[in-house]
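What you see below is based on every heavy atom in this structure, not just the backbone, and it leaves out hydrogens, waters and symmetry mates.
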Amino acid sequence: MDKKWEIVFDYLMHLIRENKVGAGEVLPSQNMLKTKFKYSEQPIRMAFNKLIELKIVKAVNGKGYVVQDKIKNNLLFSFRELFPNSTNTYYDLKEILITEELSKKTNFYVGSKVVHFKCLRKNKDSKEIILYQESMVPKNICNDLRLDYLNHYGFMKYIEEKTSSKVSHSSKKIYFENINDDEIYKTFDDDKLQGYIVDEGNVYGIFGELLEYRISRYKPKFFKWDFIEWRK
């Protein structure tokens, strides 16, 4: 069973992750959390200390624990946050059947139906392509997924508003890939490109259901990831 301070920590992280408490705003007080969880002061204080250690919040006299700006705390919930000045264009949406080869790659069951679509992310100003992305999502959950919705809201919004699923976490592999696909190379339209930084993985729901397989190929010059590594 989780330690009491970890339960409080997870709750406070949920508030921040879901933007229920934004940058510059104050988290619930220790007294409010003591009432909510029926805990003593010690585990609640430990949870706040961990948030301070990670530079996610700071203690402000007379106010409480204030959420830091994400640029200052290096807290990254999605690689999309690395590119605020960008736009996504989704295209080529179609239904496909999972083969044995695809099953090994994506973890979808052989014979299951998925919706496959592609996405280009571009810099708003220069229009330069930042990444090329392919996604596969389960047909039984995303039966009415359409390109117009994706281009207006994105896939995560679809999961939140159009399905009963709730995103829990994702698994990722980050690696370098040499150019081995002429179609992808032509998509980037860059003669100087030597290869890609690949972000490949799965998105899961709170009950462990597979919600998306995604592989994103970044131009290396755009992929800069600053993060905090901490020891539990």
Side-chain angles (χ1 to χ4, degrees), residues 1-86 88 137-138 141-142 145 149-150 152-172 174 199 201-212 214 216 224-232:
M1 184 175 178
D2 291 336
K3 297 176 182 177
K4 288 181 177 180
W5 78 264
E6 291 177 328
I7 294 173
V8 178
F9 177 85
D10 287 343
Y11 170 72
L12 295 173
M13 284 292 290
H14 170 76
L15 295 180
I16 299 170
R17 182 180 292 111
E18 299 298 319
N19 292 316
K20 297 181 184 299
V21 181
E25 296 179 341
V26 181
L27 286 171
S29 68
Q30 293 192 49
N31 285 336
M32 291 172 63
L33 294 171
K34 284 166 66 176
T35 301
K36 176 180 176 62
F37 290 100
K38 304 295 190 294
Y39 290 166
S40 66
E41 185 176 319
Q42 183 182 16
I44 294 169
R45 188 169 60 248
M46 289 175 65
F48 277 118
N49 286 341
K50 178 56 70 174
L51 289 170
I52 291 172
E53 177 188 333
L54 294 174
K55 299 181 181 180
I56 295 169
V57 305
K58 62 180 178 180
V60 178
N61 287 335
K63 291 186 70 175
Y65 295 92
V66 178
V67 177
Q68 290 271 59
D69 186 273
K70 288 182 180 179
I71 293 174
K72 295 179 181 178
N73 65 34
N74 278 335
L75 184 63
L76 184 66
F77 294 128
S78 167
F79 284 139
R80 178 68 190 269
E81 296 176 27
L82 296 173
F83 310 100
N85 188 39
S86 64
N88 280 352
V137 299
I141 295 177
C142 307
L145 184 63
Y149 187 95
L150 284 172
H152 196 71
Y153 298 108
F155 180 64
M156 287 298 108
K157 193 75 170 179
Y158 178 87
I159 290 294
E160 292 170 359
E161 294 195 347
K162 302 293 185 180
T163 76
S164 59
S165 297
K166 184 175 176 60
V167 174
S168 168
H169 66 282
S170 62
S171 62
K172 289 178 178 287
I174 310 296
D199 166 19
N202 295 315
V203 177
Y204 294 93
I206 57 175
F207 298 111
E209 70 272 33
L210 177 54
L211 298 178
E212 181 184 18
R214 179 187 299 176
S216 303
K224 180 183 178 182
W225 180 16
D226 295 322
F227 64 97
I228 292 172
E229 181 180 2
W230 59 286
R231 181 174 179 270
K232 190 172 179 180

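In this structure, Glu209 and Ser165 have side chains that are in contact, with non-hydrogen atoms separated by less than 4.5 Å. The shortest side-chain heavy-atom distance between Trp5 and Gln42 does not fall under the 4.5 Å cut-off. Put simply, the side chain of Tyr204 does not reach to within 4.5 Å of the side chain of Leu211, judged on heavy atoms. Counting only heavy atoms from C-beta outward, the side chains of Leu51 and Leu27 approach each other to under 4.5 Å. Considering only heavy atoms from C-beta on, Val67 stays 4.5 Å or farther from Glu25 through its side chain. Side-chain contact check for Lys157 versus Tyr149: some heavy-atom pair is nearer than 4.5 Å. Between Met156 and Glu212 the shortest side-chain heavy-atom distance falls below 4.5 Å. Using a 4.5 Å heavy-atom cutoff, the side chains of Leu12 and Tyr65 are not in contact.
To the nearest 0.5 Å, the span separating CD1 on Ile16 from CD on Gln68 amounts to 10.5 Å. Taken from OH in Tyr158 to NE2 in His152, the straight-line distance is 16.0 Å, to the nearest 0.5 Å. Taking CZ from Phe9 and CD1 from Ile56, the interatomic distance works out to 5.0 Å, rounded to the nearest 0.5 Å. Distance check, rounded to the nearest 0.5 Å: CZ of Arg214 to CZ of Phe155 gives 8.0 Å. Atom CG of residue Asn202 and atom CG of residue Leu210 lie 5.0 Å apart, to the nearest 0.5 angstrom.
Ala47 and Val8 make their closest contact through CB-CG1, 3.7 Å (heavy atoms, listed as atom of the first residue, atom of the second, distance). Ala59 and Ile52 get closest at one heavy-atom pair: CB-CD1, 4.4 Å. Across Lys38 and Thr35, no two heavy atoms sit closer than the pair NZ-O, 3.0 Å. Taking both residues in full, the closest heavy atoms of Val203 and Val167 are given as CG1-CG1, 3.8 Å, listed atom of the first, atom of the second, then distance. For the pair Val66 and Val60, the tightest heavy-atom approach, listed with the atom from each and the gap, is CG2-CG2, 3.6 Å. Here the closest non-hydrogen pair linking Val26 and Lys63 is CG1-O, 3.6 Å.
For Lys162 and Tyr153, the positive end is not near the middle of the six-membered ring at less than 6.0 Å and at most 45° from its axis.
Residues forming a salt bridge (Lys or Arg N to Asp or Glu O under 4.0 Å) with Lys34 (at least two apart in sequence, or on another chain): none.
By the 30° and 60° cut-offs, the orientation of the rings of Tyr39 relative to Phe37 is parallel.
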